[in-house]
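Quick caveat: nothing in here was measured; it's all calculated off a predicted structure. In the text below, chain A, chain B and the rest are named by the order of the sequence lines, each starting its count at 1.
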Amino acid sequence: MSKIITRFAPSPTGFLHIGGARTALFNWLFAKHHGGEMLLRIEDTDRERSTKEAHEAIIEGLKWLGLDWRGEPVSQFSRVERHKEIVQRLVDEGKAYYCQCSPEELAAMREQARAEGRPMTYDRRCRDLGLCPPHEKPLVVRFKAPREGEIVIDDAVQGRVEFKAQAMDDLVIARADGTPTYNLAVVVDDHDMGVTHIIRGADHLTNAARQTMIYEALGWTPPRMAHIPLIHGPDGAKLSKRHGALGVEAYRAMGYLPEALRNYLARLGWSHGDEEIFTTEQLIEWFGVEAIGKSAARFDFAKLESVNGWWMRNLDDETLLRRFIEFLPHAEDDAELAKAALKVLETDEGRARFAASLPGLKERAKTLKELLSLAGYLFAARPLTVIPKAEKILRNGGREVLARLLPVLERTDWREEALEEAVKAFAESNELKLGKVAQPLRAALTGSNVSPGIFEVLVALGREESLARIADQVRDA
RNA sequence: GCCCCCAUCGUCUAGUGGCCUAGGACGCCGGCCUCUCACGCCGGAAACAGGGGUUCGAGUCCCCUUGGGGGCGCCA
């Protein structure tokens, strides 16, 4: 078998949304699995709606997700002359014709067809008129759909899907301004680019039938197709703007890891037995279209979060630190804290301090965003802002305990075991439960009621800073 | 309206005629661990949409119903 070539072909009319990301992932995995390559084609033939920003957002999103492609992204619009050449060929061969119907007439026809219970397809009134430019009215080019038989798609996911020829429309393949439309351009490009496998959303299934007709008219062999089920929102309808329309950059801003998103997305519609966690290597090794389900899947943030938590915990510290630093400039809401963190992490010692705390921190954070707020005490400057729950602990006797504890800590050797020993002894001799000592300490040291183990925190902050933060609270008593 | 697709716990899914008293994961509930929160561990509730066939035997095959989804542009 020749080399597998897949392609991801988004239209640059918006960011890379989550469904597109999964389509790209599947194309990429499929190609990698077979030792082939993925191509990237930007379907920008709609000049009105295509934007440079969207184009860049898509590239950026793919890169962040860790997906790559062969060569430069291909602009579909740049191939317009080639598309026109094929349109002309179809006209010359009598497989396409000029049509003078205006958009208004077409709309009226559709409305009437619907009212009469007929399919809303073009009634082909211009099919045998033999119209050709120049003409007094604007002319589009329509493809002559076969009038009998059926169009069969042998889809790798959907199975054999049949469309009766009568149900097929004489679709427009060139607009009045002469520019070719999507279905024509896609066929020509996939053919010219040597695409062997098309993996795309099931919303393209009817396009698959249309494109198959064009392949047949041109005498070309269609690529193998796999139409993957769509991703639905929580309400069960196709994911769209009304569900919050999130692009991958939004997931990045929420602190999700690319490896986690890849893992989650792969599991949406595809499975490998009972496995839930996949490294990219495993994904590549195990991925196959035969294990893709046929029904749509709902996007579930809770599961994504859980998968992300696994990756947070299990990624090696070095990679996690890198991801964290990459994340900071994109952090949503916590821009100030992110900036402070970035500044601290620029210095060697700041980075070392953070790295030392990372093992305790990453256990507790489900996302990079949570990691940032959880690690806030490492980046904050004195005097600390204390959250209400922590303040309550300090107010309810916490400060008094700290006042008595402070001198004890001052003469304790600043090592985790020694500190633990000292604090436990202090609690015991004062007939206090450890929690009664640890919680005020935590509040003073981190400004929060939640943090990694308190002795760990003590060491991470260092003797000087720790004592100063405690003293800040004792002074307020 | 017309065409096409889909249907196992709330969600993602395993299941390819007997291994199913239907498994896993997330979430949920209870417990253990414990300086907080997580993690981890133990336990629990929770599904084959309905009806007909086929078969010795059906979650698995066929048909119908119902429900859901997608498409029907001079958008992609």
Between [atom2] of [N] and [atom1] of [X], the distance in whole Å:
X       : N      : atom1 : atom2 : answer
H272(A) : G15(B) : NE2   : P     : 11 Å
R298(A) : C9(B)  : CZ    : P     : 11 Å
L445(A) : C37(B) : CG    : P     : 18 Å
K164(A) : C72(B) : NZ    : C1'   : 18 Å
M225(A) : C4(B)  : CE    : P     : 18 Å
Y377(A) : U36(B) : OH    : P     : 16 Å
N308(A) : C39(B) : CG    : P     : 13 Å
H17(A)  : A76(B) : NE2   : C1'   : 10 Å

Complementary nucleotide of [N], counting Watson-Crick and G-U pairs under 3.5 Å:
N      : result
A7(B)  : U66(B)
C2(B)  : G71(B)
C32(B) : G40(B)
G18(B) : C56(B)

With heavy atoms under 4.0 Å as the rule, sort [X] into base, sugar-phosphate or nothing.
X       : value
E162(A) : sugar-phosphate
F163(A) : sugar-phosphate
P452(A) : base
K436(A) : nothing
H227(A) : nothing
L205(A) : sugar-phosphate
T179(A) : nothing
N207(A) : base
S451(A) : base
D46(A)  : sugar-phosphate
E276(A) : base
G269(A) : sugar-phosphate
R49(A)  : base
V140(A) : base

Side-chain donor-acceptor contact under 3.5 Å, [X] with [Y]:
X       : Y       : result
T179(A) : D177(A) : yes
S75(A)  : D44(A)  : yes
Q439(A) : N449(A) : no

Rounded [atom1] spacing from [N] to [M] in Å:
N      : M      : atom1 : answer
C48(B) : G30(B) : P     : 26 Å
G50(B) : U16(B) : C1'   : 24 Å
U65(B) : G24(B) : C1'   : 33 Å
A14(B) : U66(B) : P     : 28 Å
U60(B) : G15(B) : C1'   : 8 Å
C63(B) : A7(B)  : P     : 13 Å
U13(B) : A46(B) : C1'   : 15 Å
C29(B) : A22(B) : C1'   : 22 Å

State which of [options] makes the closest approach to the side chain of [X].
X       : options                : result
T206(A) : C74(B), G71(B), A76(B) : G71(B)
S306(A) : C6(B), C26(B), G70(B)  : C26(B)
P103(A) : C74(B), C12(B), C5(B)  : C74(B)
S295(A) : G1(B), C12(B), A7(B)   : A7(B)
A167(A) : C2(B), G69(B), C3(B)   : C3(B)
A176(A) : U13(B), C74(B), C6(B)  : C74(B)
A438(A) : C12(B), C35(B), A76(B) : C35(B)
D300(A) : C74(B), G10(B), C5(B)  : G10(B)
R210(A) : C12(B), G1(B), G71(B)  : G71(B)
Y182(A) : G23(B), A76(B), C5(B)  : A76(B)

- Task: Evaluate the ring planes of W270(A) and F287(A), with Trp represented by its six-membered ring, and classify them as parallel (under 30°), tilted (30 to 60°) or perpendicular (over 60°).
- Result: tilted
- Residue whose closest nucleotide on RNA chain B lies nearer the 5' end, R118(A) versus W270(A): R118(A)
- Nearest-nucleotide 5' precedence on RNA chain B, F299(A) against G435(A): F299(A)
So, under a plain 3.5 Å distance rule, would you say the side chain of [X] forms a donor-acceptor pair with the base of [N]?
X       : N      : answer
K303(A) : A25(B) : yes
D203(A) : G71(B) : no
R364(A) : C39(B) : no

- Query: When the aromatic ring centroids of Y264(A) and Y256(A) are compared, is their separation below 6.0 Å?
  - Reply: no
Salt-bridged, [X] to [Y], with N to O below 4.0 Å?
X       : Y       : answer
E276(A) : K303(A) : yes
R160(A) : D155(A) : no
R210(A) : D169(A) : no

- Criterion side-chain contact (heavy atoms from CB on, under 4.5 Å) against E150(A), the qualifying member of M168(A), E162(A), Q166(A): E162(A)
- Message: Within the supplied structure, the quantity of interest is the number of heavy atoms (other residues, nucleotides, ligands) at a distance under 6.0 Å from E275(A) CD; does it exceed 12?
- Response: yes
- C3(B) phosphate, OP1 or OP2, under 4.0 Å from T121(A) side-chain N/O: no
- Message: Counting only side-chain nitrogens and oxygens, does K366(A) get under 4.0 Å of the OP1 or OP2 atom of C39(B)?
- Response: yes
